[in-house]
Amino acid sequence: MSENEWFEMRPQKAQAYGRPEAGGFLVRTGSTAMREGSPRVKRDREERDRLVRQAVLVPDSDPDLYRFARDHLFGSSSVAGGGRQGWKLQWTPKLAQGS
């Protein structure tokens, strides 16, 4: 996989970009995540709260979203997005560098 090949996920209003890296799955700065996930996915709440405490996730201008303040390496794509099946290959991320 080249450095320009990224996967995209769009759960509800959120939009995230990531790619496999050595040791896990990297989610790119500027990606967004839902503040409240599906009631079925309570297991993600603890991870989300940890990322908020660490200032990896910060409030977005949209009150329903958090924004990644910096790149973050998750242990897997499943942890990063609640399941690999949601990530779709995109050639070029739409986020500006350094967002």
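As a basis for the values below, the full set of heavy atoms in this structure was taken, side chains included, without hydrogen atoms, waters or symmetry mates.
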From Asp62 atom CG to Arg35 atom CZ, the distance as rounded to the nearest 0.5 Å: 8.5 Å
Measuring from atom OG of Ser77 to atom CH2 of Trp87, what distance do you get when rounded to the nearest 0.5 angstrom? 8.0 Å
Could you check Trp6 against Arg28 for side-chain contact (heavy atoms from CB on, under 4.5 Å), going step by step and ending with a plain yes or no? CA-CA 9 Å; Trp6 291 81; Arg28 191 167 188 230; 3.7 Å; yes
Residues Glu21, Arg19: salt bridge by 4.0 Å N-O rule: yes
Is it true that a side-chain atom of Arg67 and a backbone atom of Thr32 form a donor plus acceptor pair closer than 3.5 Å? no
Would you sort out whether Phe7 and Leu89 count as a side-chain contact (heavy atoms from CB on, under 4.5 Å), showing the intermediate values? CA-CA 4 Å; Phe7 288 82; Leu89 183 61; 4.0 Å; yes
Heavy-atom closest contact (Ala55 atom, Ala69 atom, distance): O-CB, 3.6 Å
Where the side chain of Ser76 meets the backbone of Gly24, is there a donor-acceptor pair that is under 3.5 Å apart? no
CG of Asp49 to CD of Gln54, rounded to nearest 0.5 Å, is 11.5 Å
With sequence neighbours left out, the residues meeting salt bridge (Lys or Arg N to Asp or Glu O under 4.0 Å) with Arg50 are Glu47
Val27, Val58: one ILVMFWY side-chain cluster at the under-4.5 Å cut-off? no
Results of ring pair (Phe, Tyr, Trp, His ring centres under 6.0 Å) for Phe74 - residues two or more places apart only: His72
No-hydrogen, no-angle side-chain donor-acceptor test under 3.5 Å, Thr29 and Asp71: yes
Steps toward side-chain contact (heavy atoms from CB on, under 4.5 Å) verdict (Phe25, Val79): CA-CA 9 Å; Phe25 192 85; Val79 174; over 6 Å; no
Test log, rule side-chain contact (heavy atoms from CB on, under 4.5 Å), inputs Arg48 and Glu36: CA-CA 9 Å; Arg48 180 205 59 209; Glu36 294 298 328; 4.0 Å; yes
Under 3.5 Å donor-acceptor, Arg10 side chain and Gln15 backbone: no
List the residues meeting salt bridge (Lys or Arg N to Asp or Glu O under 4.0 Å) with Asp64, not counting sequence neighbours, and say none if there are none. Lys13
Atom pair CG/OG of Leu57 and Ser31 - distance to nearest 0.5 Å: 10.0 Å
